[in-house]
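For reference, the structure discussed in these notes is given below.
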Amino acid sequence: MHISSTAAVYVISVAADLAGMHPQTLRQYDRLGLVIPERTAGRGRRYSGQDIAKLRMIQQLSQDEGVNLVGIKKIIDLQNQVDALQHRNEELEDEIRTQQAAKERDARVFAAGTAGDVVSIARGRRPQGRPEPGALVLYNRFRRR
């Protein structure tokens with residue numbers, strides 16, 4: 001059975017063991033807004049695999065890099081902002097691709113080919129070649145050139 005990394009399944013004692021921290025540290029991080037676990041109906045904390053990974057990152061930044069908790073909070077906030085902007089950028093790129101495809105689809109023009117067949121050509125272009133003898137060619141004498 002596979003458990004999703006976003007599923008909040010770990011109680012605070014198990015999460016603390018997995019992250020190599022004391023449960024009181026996890027409570028402090030929750031109060032500071034560094035790692036906010038989901039809550040059960042009885043207000044108990046439940047941590048996900050992603051929460052455990054974030055706790056390990058906080059521990060690494062704090063112990064190995066010497067970053068204080070305010071700095072870590074700022075780093076997490078900036079990372080969340082970057083993630084949101086990347087997601088929005090992907091949405092906008094998808095929207096642009098959709099609009100370009102619609103524009104290309106709407107820009108097609110159909111004309112009679114030299115053999116009397118229907119051909120798709122770019123707007124503002126004429127079919128290439130000369131009509132076959134006896135082919136029907138439409139002429140509009142009122143059209144300005």
Side-chain angles (χ1 to χ4, degrees), residues 1-132 135 137-138 140 142-145:
M1 183 170 120
H2 176 71
I3 298 174
S4 169
S5 66
T6 59
V9 294
Y10 303 107
V11 295
I12 192 166
S13 59
V14 174
D17 282 344
L18 291 171
M21 299 178 176
H22 192 276
Q24 191 60 36
T25 306
L26 273 62
R27 290 183 188 94
Q28 179 185 8
Y29 289 173
D30 186 10
R31 282 190 298 274
L32 294 172
L34 294 173
V35 177
I36 302 170
E38 290 186 29
R39 299 286 184 150
T40 64
R43 302 289 296 148
R45 293 172 174 87
R46 292 293 186 270
Y47 292 85
S48 67
Q50 287 181 343
D51 293 333
I52 304 299
K54 190 183 280 188
L55 288 166
R56 289 179 180 153
M57 180 198 68
I58 291 169
Q59 185 177 42
Q60 187 260 335
L61 285 171
S62 175
Q63 293 178 359
D64 298 343
E65 305 296 330
V67 180
N68 65 21
L69 294 180
V70 174
I72 292 172
K73 173 80 169 126
K74 188 69 173 172
I75 290 169
I76 291 171
D77 290 344
L78 289 172
Q79 185 60 52
N80 290 340
Q81 203 173 8
V82 167
D83 292 343
L85 289 171
Q86 286 175 337
H87 178 72
R88 180 64 179 141
N89 189 41
E90 290 170 2
E91 288 175 346
L92 291 172
E93 286 175 346
D94 288 344
E95 188 176 326
I96 287 170
R97 279 191 289 276
T98 301
Q99 288 177 356
Q100 285 175 337
K103 184 179 177 182
E104 289 172 6
R105 185 180 58 247
D106 293 342
R108 294 187 314 177
V109 176
F110 297 96
T114 57
D117 54 335
V118 177
V119 294
S120 176
I121 58 174
R123 189 174 297 279
R125 298 279 185 195
R126 292 179 177 256
Q128 297 299 315
R130 309 271 312 149
E132 292 181 7
V137 178
L138 297 179
N140 184 349
F142 300 109
R143 182 171 177 234
R144 292 185 183 181
R145 289 191 174 217

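Heavy-atom basis, side chains included; hydrogens, waters and symmetry copies ignored.
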Leu92 side, atom CG; Gln99 side, atom CD - distance, nearest 0.5 Å: 9.5 Å
Which atom pair, heavy atoms only, marks the closest approach of Pro23 to Ile12? O-CD1, 3.6 Å
Might you work through the side chain to side chain contact (heavy atoms under 4.5 Å, CB included) test for Val35 and Tyr47, ending with a clear yes or no? CA-CA 9 Å; Val35 177; Tyr47 292 85; 4.1 Å; yes
In this structure, CD of Glu95 is separated from CZ of Arg97 (nearest 0.5 Å) by 11.0 Å
Hey, mind stepping through Arg46 and Val9 against side chain to side chain contact (heavy atoms under 4.5 Å, CB included) and telling me if it holds? CA-CA 6 Å; Arg46 292 293 186 270; Val9 294; over 6 Å; no
Which pairs pass salt bridge (Lys or Arg N to Asp or Glu O under 4.0 Å) with one or both residues in residues 21-40, sequence neighbours excluded? Asp30-Arg39, Asp30-Arg45
Hey, does Lys73 have a side-chain heavy atom less than 4.5 Å from the side chain of Ile76? no
For Asp77 and Lys74: C-alpha separation, side-chain torsions, deciding distance, then whether salt bridge (Lys or Arg N to Asp or Glu O under 4.0 Å) applies. CA-CA 5 Å; Asp77 290 344; Lys74 188 69 173 172; over 6 Å; no
Nearest 0.5 angstrom please: Ile75 CD1 to Leu61 CG, how far? 5.0 Å
Identify each donor-acceptor pair in which a side-chain atom of residues 49-59 lies under 3.5 Å from a protein atom, sequence neighbours left out, and give them as a table.
{"unit_1": "Asp51", "atom_1": "OD2", "unit_2": "Ser48", "atom_2": "N", "d": "3.0"}
{"unit_1": "Asp51", "atom_1": "OD2", "unit_2": "Ser48", "atom_2": "OG", "d": "3.3"}
{"unit_1": "Arg56", "atom_1": "NE", "unit_2": "Leu18", "atom_2": "O", "d": "3.2"}
{"unit_1": "Arg56", "atom_1": "NH2", "unit_2": "Leu18", "atom_2": "O", "d": "2.8"}
{"unit_1": "Gln59", "atom_1": "NE2", "unit_2": "Gly20", "atom_2": "O", "d": "3.2"}

Supply the atom-to-atom distance Lys103 NZ to Thr98 OG1, rounded to the nearest 0.5 angstrom. 14.5 Å
Using every non-hydrogen atom in the two residues, find where Leu26 and Ala15 come nearest and quote the distance to one decimal. CD2-CB, 3.8 Å
